[in-house]
K.L.:
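One structure is given below, represented as structure tokens, and several questions about it will come after.
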Amino acid sequence: MKLLLTGGMGYIGSHVAVTMAKSGHEVILFDNLVNSSSDTIKKLNKILDKDVYFYKGDLNNPNDIKSIFEKFKIDAVFHFAGYKSVKESVINPIEYYSNNMIGTINLINEMYKKNVKLLVFSSSATVYGDPKYLPIDEKHPTIPKNPYGRIKLQIEDMLDDIYSSDNNWRIACLRYFNPVGSHDSGLIGDNPTGLANNLMPIITKVASKKLKKLSVFGNDYPTVDGTGVRDYIHVMDLAEGHKMSFNYLLKNKGCFKFNLGTGKGYSVLDLLKSFIKMNHCDVPYDFTFRREGDVSECYADPNKAFEFLGWRSLRGLDEMSESAWKFLHHNEKD
Ligand code: NAD
Ligand code: UFG
């Protein structure tokens, strides 16, 4: 089938492109490269040993979306495109609402016009807000704490409304926990264009001496060692979760919500120790104040995804650490 991947040049989209192309689908990437590089296409071509089609376009320009739907007879859409920094969304909500919300509406409008009614949407664990209990299942209250999470939830609500108005839609909202790691080749990975905000890209930059040290945000949380606990999930497991969701949608109509996490929580120090052990490198760090808006502990109950999709994560923390470093090394050589 012909699959359109908005934001397909980005971190998660590029890994899903590999998984879906390897499953025999034609992937068409649509991206404005605001947070990715055109080099990714060469790397995807190398991994897949064939040319992948890339269209440089912006979801905020309805003509760009129209042209891609006119050029190809798209069967389904994986929607990754958007800004992803929680911090920036607090500082500049208008930009986030414009890009993430309006971009999504433009996309869905075009899908509706072309009668394309299968959508896999990148949602986020941020829709839950402060955990009321752990692990977090899909019935957990959704009270996001920042504009980024609120927009994800509003999009989910909009998708529910769209399905209610027309039961022919097949929609999966995938609530990712903390994706880390990279493809086995080390060719693609998490490569933000500006300053890195997430833990793993910062650790790799400190290990490669591009940054002096890691600031661990708080060591006084009520967790195993005082540092924040998260559910880190290998990006290739996440990509597999997209494939299983897509297969599920081929057989089922509805608007579904699934957690994609491992069900295991690891602290910042756990991740750091795993990274140092696996990659034999030095990562200087110190403890600083808690980061505003952070929760102390957050990990998924992934059982619904297993029950409905037959999906569960397979890769452990050490594999995530090893592959994240492999990607950075590969990039340095390029
Ligand atoms: P990313 O920034 O690497 O990829 C997003 C891609 O979208 C980028 O290549 C960017 O250039 C593109 N883009 C942004 N705005 C666009 C627009 N208006 N038109 C066309 N392209 C546009 O991010 P990612 O980590 O791959 O995340 C993908 C999706 O998953 C996002 O929606 C993000 O909110 C969500 N998500 C990510 C995480 C995470 O930790 N990485 C966690 C939960 C949810
Ligand atoms: N952390 C540090 N130092 C840093 C960066 C992070 O100690 O320099 C800590 C944080 O305090 C937190 C943990 O590392 O305890 C993970 O932080 P990240 O910034 O990597 O990830 P978040 O859990 O804050 O958020 C991420 C994505 C969101 C996504 C969410 C889903 O940034 O987009 O996971 O759970 F929605």
Side-chain angles (χ1 to χ4, degrees), residues 5-16 29-38 40 55-61 64-65 78-89 95-96 98-100 102-104 106-107 121-128 136 144 146 148-149 151-152 155 174-180 188-203 205-206 211 213-219 221 223 227-233 235 238 259-261 265-269 271-272 285-300:
L5 276 62
T6 74
M9 297 286 273
Y11 174 42
I12 299 169
S14 57
H15 289 80
V16 174
L29 311 188
F30 178 99
D31 202 301
N32 65 0
L33 300 180
V34 69
N35 196 35
S36 47
S37 151
S38 56
T40 301
Y55 181 98
K56 185 166 187 265
D58 195 319
L59 283 186
N60 283 305
N61 182 351
D64 285 352
I65 314 175
F78 288 66
H79 178 34
F80 303 98
Y83 297 146
K84 65 166 175 176
S85 160
V86 169
K87 191 172 147 194
E88 278 170 20
S89 79
E95 217 174 285
Y96 269 66
S98 302
N99 196 46
N100 295 6
I102 297 177
T104 302
N106 289 340
L107 171 71
F121 169 60
S122 298
S123 188
S124 163
T126 45
V127 298
Y128 295 117
I136 297 177
N146 46 62
Y148 171 80
I151 297 166
K152 290 288 184 200
I155 294 173
L174 304 182
R175 295 173 174 170
Y176 310 155
F177 279 68
N178 288 55
V180 295
I188 51 172
D190 196 358
N191 196 14
T193 50
L195 282 180
N197 287 308
N198 294 120
L199 182 59
M200 187 61 106
I202 293 176
I203 291 180
K205 281 189 171 32
V206 175
L211 288 174
K213 64 176 169 59
L214 165 75
S215 298
V216 176
F217 298 143
N219 62 348
Y221 283 111
T223 59
T227 66
V229 166
R230 294 290 182 278
D231 187 335
Y232 297 99
I233 172 164
V235 68
L238 196 75
N259 283 343
L260 293 187
Y266 289 103
S267 72
V268 174
L269 294 182
L271 184 63
L272 197 56
Y285 68 93
D286 63 8
F287 295 113
T288 58
F289 292 114
R290 292 179 177 193
R291 181 171 65 178
E292 205 188 324
D294 271 357
V295 299
S296 81
E297 203 159 1
C298 172
Y299 52 92

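As the structure lists them, so they are numbered: ligands from 1, and atoms in each ligand from 1. Values below: all heavy atoms of this structure, side chains included; hydrogens, waters and symmetry mates excluded.
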K.L.:
If I apply the N/O under 3.5 Å rule, does Asn198 come out as touching ligand 1?
P.N.:
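No; every N/O pair is 3.5 Å or more apart.
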K.L.:
Heavy-atom pairs closer than 4.0 Å: do any link ligand 2 to the side chain of Asp294, the backbone, both, or neither?
P.N.:
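Looking at Asp294 and ligand 2, just side chain atoms fall under 4.0 Å.
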K.L.:
Can you check whether Leu59 has an N/O within less than 3.5 Å of an N/O in ligand 1?
P.N.:
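Leu59 vs ligand 1: N/O contact under 3.5 Å present.
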K.L.:
Identify the closest protein heavy atom to atom 18 (N) of ligand 1: which residue and atom is it, and at what distance?
P.N.:
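Of the protein heavy atoms, Asn99 OD1, 2.7 Å lies nearest.
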K.L.:
At a non-hydrogen distance cut-off of under 4.0 Å, which region of Ser215 contacts ligand 2 (side chain, backbone, both, or neither)?
P.N.:
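It is the backbone that touches ligand 2; the side chain stays farther off.
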K.L.:
With a cutoff of 4.0 Å, is Gly103 in contact with ligand 1, counting heavy atoms of the residue only?
P.N.:
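Gly103: no contact with ligand 1 (<4.0 Å).
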K.L.:
Which residue and non-hydrogen atom of the protein lie closest to atom 16 (C) of ligand 2, and at what distance in Å?
P.N.:
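Result for atom 16 (C) of ligand 2: Tyr232 OH, 3.5 Å.
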K.L.:
Report yes or no: does Asp64 contribute a side-chain atom to a donor-acceptor pair with the main-chain N or O of Asp58 at less than 3.5 Å?
P.N.:
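Yes: the side chain of Asp64 pairs with the backbone of Asp58.
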K.L.:
Of all the non-hydrogen atoms in the protein, which one sits nearest to atom 31 (C) of ligand 1, and at what distance?
P.N.:
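The protein heavy atom lying closest is Phe80 O, 3.1 Å.
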K.L.:
With distance as the sole test, does Asp231 use its side chain to make a donor-acceptor pair with the main-chain N or O of Ala300 at under 3.5 Å?
P.N.:
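Side chain of Asp231 to backbone of Ala300: a pair is present.
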K.L.:
Are the side chains of Tyr128 and Asn259 in contact, using a 4.5 Å heavy-atom criterion?
P.N.:
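SC-SC contact between Asn259 and Tyr128 confirmed.
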K.L.:
Within a reach of under 6.0 Å around OH of Tyr285, are more than 12 heavy atoms found that belong to other residues, nucleotides or ligands?
P.N.:
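No, OH of Tyr285 has 12 or fewer neighbouring heavy atoms, counting only those of other groups under 6.0 Å.
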K.L.:
Among all protein heavy atoms, pick the one closest to atom 29 (C) of ligand 2 and tell me residue, atom and distance.
P.N.:
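Protein heavy atom at minimum distance: Ser124 OG, 3.6 Å.
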K.L.:
Please state which part of Arg291 comes within less than 4.0 Å of ligand 2, counting heavy atoms only: side chain, backbone, both or neither.
P.N.:
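Only the side chain of Arg291 comes within reach of ligand 2.
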K.L.:
Have a look at ligand 2 and work out which part of Tyr148, if any, has a heavy atom under 4.0 Å from it: side chain, backbone, both or neither.
P.N.:
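Answer for Tyr148: side chain.
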K.L.:
Evaluate Ile12 for polar contact with ligand 1, using N/O atom pairs at a separation under 3.5 Å.
P.N.:
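Such a contact does occur with ligand 1.
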K.L.:
Ile155 versus Ser123: any side-chain heavy-atom pair under 4.5 Å?
P.N.:
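Sidechains of Ser123 and Ile155: no contact.
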K.L.:
Under 4.0 Å, heavy-atom basis, I'd like to know which part of Leu33 is in contact with ligand 1: side chain, backbone, both or neither.
P.N.:
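Within the 4.0 Å criterion, Leu33 contacts ligand 1 through backbone atoms alone.
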K.L.:
May I ask you to identify the nearest protein heavy atom to atom 8 (O) of ligand 2, giving residue, atom name and distance to one decimal place in Å?
P.N.:
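Result for atom 8 (O) of ligand 2: Ile202 CD1, 3.3 Å.
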K.L.:
I need the nearest protein heavy-atom contact for atom 23 (O) of ligand 2: residue, atom name and distance, please.
P.N.:
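Among all protein heavy atoms, the one nearest atom 23 (O) of ligand 2 is Arg230 NE, 2.7 Å.
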K.L.:
Check Phe177 against ligand 2 and report side chain, backbone, both or neither, counting heavy atoms closer than 4.0 Å.
P.N.:
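It is the backbone that touches ligand 2; the side chain stays farther off.
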K.L.:
Does Ser123 come within less than 4.0 angstrom of ligand 1, counting non-hydrogen atoms of the residue?
P.N.:
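Contact present.
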K.L.:
For atom 22 (P) of ligand 2, what's the nearest protein heavy atom and its distance?
P.N.:
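Looking at atom 22 (P) of ligand 2, the protein heavy atom closest to it is Asn178 ND2, 3.6 Å.
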K.L.:
Tell me which protein heavy atom sits closest to atom 35 (C) of ligand 1, plus the residue, atom name and distance to 0.1 Å.
P.N.:
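For atom 35 (C) of ligand 1, the nearest protein heavy atom is Tyr148 OH, 3.7 Å.
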K.L.:
Quick one: does ligand 2 sit under 4.0 Å from the side chain of Val268, the backbone, both or neither, non-hydrogen atoms only?
P.N.:
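Under 4.0 Å from ligand 2, Val268 contributes side-chain atoms alone.
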K.L.:
Judged by non-hydrogen atoms, does Asp31 sit under 4.0 Å from ligand 1?
P.N.:
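Per 4.0 Å heavy-atom rule, Asp31 contacts ligand 1.
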K.L.:
Around atom 18 (P) of ligand 2, find the nearest protein heavy atom and jot down its residue, atom name and distance.
P.N.:
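Going by distance alone, atom 18 (P) of ligand 2 is nearest to Asn198 ND2, 3.5 Å.
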K.L.:
For ligand 1, which is the ligand I care about here, please tell me if Tyr176 has any N or O atom under 3.5 Å from one of the ligand's N or O atoms.
P.N.:
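Between Tyr176 and ligand 1 (N or O atoms, distance only) the closest approach is not under 3.5 Å.
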K.L.:
Which is it for Leu214 and ligand 2 at heavy atoms under 4.0 Å: side chain, backbone, both or neither?
P.N.:
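Answer for Leu214: side chain.
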K.L.:
Answer yes or no: does an N/O atom from Val34 fall short of 3.5 Å to an N/O atom of ligand 1?
P.N.:
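Looking only at distances, the answer is yes, because the N/O contact criterion of under 3.5 Å is met.
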K.L.:
Between Tyr148 and Tyr96, what is the ring plane arrangement, given parallel below 30°, perpendicular above 60°, and tilted in between?
P.N.:
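Taking Tyr96 first and then Tyr148, their aromatic rings stand perpendicular (interplane angle over 60°).
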K.L.:
Any side-chain heavy-atom pair from Arg230 and Leu271 closer than 4.5 angstrom?
P.N.:
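Heavy-atom side-chain distance check fails, nothing below 4.5 Å.
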K.L.:
Looking only at protein heavy atoms, identify the closest one to atom 5 (C) of ligand 1 and say how far it is in Å.
P.N.:
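Among all protein heavy atoms, the one nearest atom 5 (C) of ligand 1 is Gly82 O, 3.9 Å.
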K.L.:
Atom 7 (O) of ligand 2: which protein heavy atom is closest, and how many Å away?
P.N.:
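Answer for atom 7 (O) of ligand 2: Phe217 N, 2.9 Å.
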K.L.:
Identify, for atom 22 (C) of ligand 1, the protein heavy atom at the shortest distance, and state residue, atom and that distance.
P.N.:
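That would be Asn32 OD1, 3.1 Å.
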K.L.:
Which part of Ala125 is near ligand 1, with near meaning a heavy atom under 4.0 Å away: side chain, backbone, both or neither?
P.N.:
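Looking at Ala125 and ligand 1, no heavy atom falls under 4.0 Å.
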K.L.:
How far is atom 4 (O) of ligand 1 from the closest protein heavy atom, and which atom is that?
P.N.:
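The protein heavy atom lying closest is Gly10 CA, 3.4 Å.
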K.L.:
Side-chain contact, heavy-atom cut-off 4.5 Å: Ile151 with Ser89?
P.N.:
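The answer is no; the side chains never approach within 4.5 Å.
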K.L.:
At under 4.0 Å between heavy atoms, is it the side chain or the backbone of Lys152 that contacts ligand 1, or both, or neither?
P.N.:
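Near ligand 1, Lys152 shows its side chain, while the N, CA, C and O stay back.
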K.L.:
Working to the nearest 0.5 angstrom, can you tell me the gap between Ile202 CD1 and Lys213 NZ?
P.N.:
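So the gap between those two atoms works out to 11.5 Å.
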